[in-house]
Amino acid sequence: MADQKIDLKHVRNIGIIAHIDAGKTTTTERVLFYTGVIHKLGNIDDGNTAMDWMAQEQERGITITSASTTCFWKGHRINIIDTPGHVDFTVEVERSLKVLDGAVVVLCGCSGVQPQTETVWRQADRYGVPRIFFINKIDRLGADFDRVIGEIHERLGANAAGICFPDAHEDQFKAIIDVVNEKYITYPDAEGLEPLYSEIPVEFHEKFKQYRHKLLERLADGDDEIMEKFLEEKEISIAELKAAIRRAVLKNAFVPVLVGTALRNKGVQTVLNAVLDYLPSPLDVPPVPGTDPNTGEHAVRECSAAAPFCGLVFKIAADPYVGKLFYTRVYSGTLSSGSPVYNSSRRLRERVSKIVLMHANRQEIISNVSAGEIVALVGLKDSKSGNTVCDESSQIVLENMRIPEAVVSMAIEPKTKADQDKLGMTLHKFLDEDPSLQVKYDTETGQTIISGMGELHLDIIIDRMKRENNLECNIGRPQVAYRETITKKASGIVGKFISQSGGRGMYGHCVIDVEPNEEKGKGIIFINKIKGGAIPREYIKPVEEGIRTAAQTGVLAGYPVSDFTVTLVDGSYHDVDSNELAFQLAAKEAMREGLRKGGSVFLEPIMDLECTVPEDFWGQVIGDLNTRRAKIVSSGNRGKLKTVRCEVPLSEMFNYAGALRTLSQGRASFSMEPSFYAQVPSNVAEKIKGAREEASTKK
């Protein structure tokens with residue numbers, strides 16, 4: 001099956017993306033069942049699904065790592081990546097969307113659009129990925145197809161319309177009415193293997209007309225041909241309608257909405273058909289952009305087997321039998337096992353010993369791979385996630401993926417001294433696999449600090465250390481990744497480093513202005529305004545390096561400093577004694593003084609929190625949120641439940657899951673994701689300083 005060569009126009013590279021618990025993995029499991037990859041349906045609750053293969057995934061019933069697989073449907077090859085829905089593993093979604101051509105966004109028929117849905121939607125927008133919606137769990141009490149479509153418009157701003165709708169009421173699900181093909185689809189067998197297509201019953205004719213009119217109305221906004229026919233009230237054939245939907249989806253002007261219940265085996269085949277009909281093949285995607293590493297000029301690669309080889313390593317995973325697997329999207333050219341490749345990102349030569357197609361954690365060896373495919377390469381030694389591999393004779397560096405910043409830190413140390421080296425090697429392996437994980441050594445406390453996207457993220461890392469590497473660690477309480485910034489402009493700050501100790505001396509002198517950035521999230525901006533050679537050109541770079549080094553430890557409590565602009569305005573040098581190190585040290589001194597005069601303050605990560613609460617417990621939950629410094633943004637109703645959305649400091653949210661469970665007798669749920677950084681109130685700032693000083697004295 002692996003070496004079955006299929007025309008590129010019949011290939012689909014898609015991802016299944018959604019909020020946690022919307023049913024991504026169950027949907028993928030049904031796709032694999034109907035396409036013949038597996039012959040027995042697994043269940044999340046039983047921990048035996050094909051795509052959730054890690055022990056932690058099976059125990060917790062969640063997806064932690066994105067898993068890829070390949071299947072065939074109606075003469076088409078579909079490469080699928082099932083991604084996590086939990087915000088702590090958002091980097092898995094980020095790097096998957098970077099290399100995918102299309103995506104199926106799964107929504108729960110009850111919960112609708114949730115915070116993590118908005119996050120994955122923004123990620124897909126950033127990479128321009130065409131999408132289709134699948135409203136799942138439509139058989140559950142409280143499910144409402146039309147309400148969810150309304151939320152798609154309001155919360156995601158998407159131009160969407162149903163291309164089918166359910167014959168369902170509350171928990172009674174009977175059939176799906178296909179608006180495009182004008183069919184009534186029922187599922188007589190329990191496994192849904194043989195859907196029956198029949199004429200639409202008379203009682204649904206009026207409703208069908210309403211949905212078709214709404215579909216044409218929305219589609220007209222995204223396709224000129226349909227707009228013309230729609231306004232002139234001309235007849236539109238099924239073939240014309242399908243072609244128009246495809247055109248609009250490919251240019252991200254329209255998103256079709258499908259419906260079903262994956263757990264009850266209904267509606268998944270219509271999703272598969274929609275993937276073939278509306279989502280792009282590699283040929284429909286614009287040529288991948290990059291830069292020539294030798295000239296810095298813009299370059300592109302056409303998706304063609306005849307073009308020079310080029311691929312992006314988007315994920316690295318360790319395999320107990322073959323070593324490291326380098327998941328790679330091949331954008332152009334061909335590659336055979338045993339071939340040399342060039343890592344243009346790191347300027348080094350590598351060799352591919354084996355090429356494998358992945359089926360979750362199973363591997364299928366293939367002899368070669370060509371443009372448009374997603375495979376895992378074996379044999380690379382020094383390549384990292386986000387690196388470009390290509391022909392050495394035709395080099396290109398593709399745009400890297402965006403890695404979110406860590407918000408939670410935890411101190412770890414091995415339980416025995418003998419495991420100290422083992423800890424370093426294990427963390428190095430995890431850093432290769434997970435670019436959202438950060439590790440640093442705190443010289444003040446003598447501890448190793450790991451930082452990640454949330455408590456669950458770090459818990460999984462600790463658990464994997466124990467299971468996979470037999471490494472037991474003592475762990476400190478999770479800590480918030482605070483930052484520092486300045487609040488006012490300070491001018492004419494002098495930094496000098498002058499040393500005369502016999503022989504050749506050291507002389508560095510610079511004058512800087514510092515001011516806060518108006519636009520947040522821009523990091524550190526360095527501006528050189530030296531005129532007349534007051535500081536020679538070769539010393540400007542060391543000045544910038546000194547400033548950036550000093551900014552890694554702020555003056556309040558040693559947290560990193562960000563969101564400010566430094567302007568180098570003046571300075572002086574000595575013909576004999578000046579060197580790069582002297583200017584670097586002078587810049588560090590100036591930077592520390594600039595932070596003191598610039599009114600340094602603490603910043604803390606603020607989370608976007610959404611709670612869904614039964615009305616009986618509303619007062620208790622809101623009261624608890626108020627004690628956690630939460631700022632309520634909006635509240636509403638979702639069926640018989642009440643919802644509240646608020647902004648709350650991460651430092652107040654540790655162990656919130658247990659607290660909410662106690663407050664609501666286990667009936668409330670919440671989701672939370674990082675939103676922005678905000679200034680810390682003065683009383684909290686004093687506590688942070690005190691905790692930092694206490695940690696230093698315990699060293």
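Residue numbers run from 1 in the order of the sequence given. These numbers come from a predicted model, not from an experiment.
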Qualifying ring-ring contact (aromatic ring centres under 6.0 Å, His included) pairs with a residue from residues 228-256, counting only residues at least two apart or across chains = H213-F230
With sequence neighbours excluded, tell me which residues meet ring-ring contact (aromatic ring centres under 6.0 Å, His included) with W73.
-> none
Is there a donor in the side chain of N79 and an acceptor in the side chain of R12, or the other way round, less than 3.5 Å apart?
-> no
Sequence neighbours excluded, the answer for ring-ring contact (aromatic ring centres under 6.0 Å, His included) partners of F165 is Y211
Passing option when I365 is tested against L357, V378, V356 for side chain to side chain contact (heavy atoms under 4.5 Å, CB included) | V356
Identified side chain to side chain donor-acceptor pair (under 3.5 Å) partner of S383 from the options N343, T328, T388 | N343
Any donor-acceptor pair under 3.5 Å from R645 side chain to E610 backbone | no
Indicate the ring-plane relationship of W121 and F133, choosing parallel, tilted or perpendicular according to the 30° and 60° boundaries.
-> parallel
Lys/Arg cation over aromatic Y331: R329, 6.0 Å, 45° cone = yes
Before accepting this row, confirm whether a basic side-chain N of the pair E217/K214 lies closer than 4.0 Å to the acidic partner's carboxylate O.
-> yes
Under 3.5 Å, is there a donor-acceptor pair linking the side chains of D167 and Y184?
-> yes
Pair R301, S394: side-chain N/O donor-acceptor within cut-off below 3.5 Å = yes
Check the side chains of D608 and S675 for a donor-acceptor pair under 3.5 angstrom, ignoring hydrogens and angles.
-> no
Just wondering, more than 12 heavy atoms not from E240 lying within 6.0 Å of its CD?
-> yes
Spell out, as yes or no, whether a donor-acceptor pair under 3.5 Å connects the side chain of Q269 to the backbone of G192.
-> yes
Under the 3.5 angstrom rule, does the side chain of R77 hit a backbone N or O of V11 as a donor-acceptor pair?
-> no
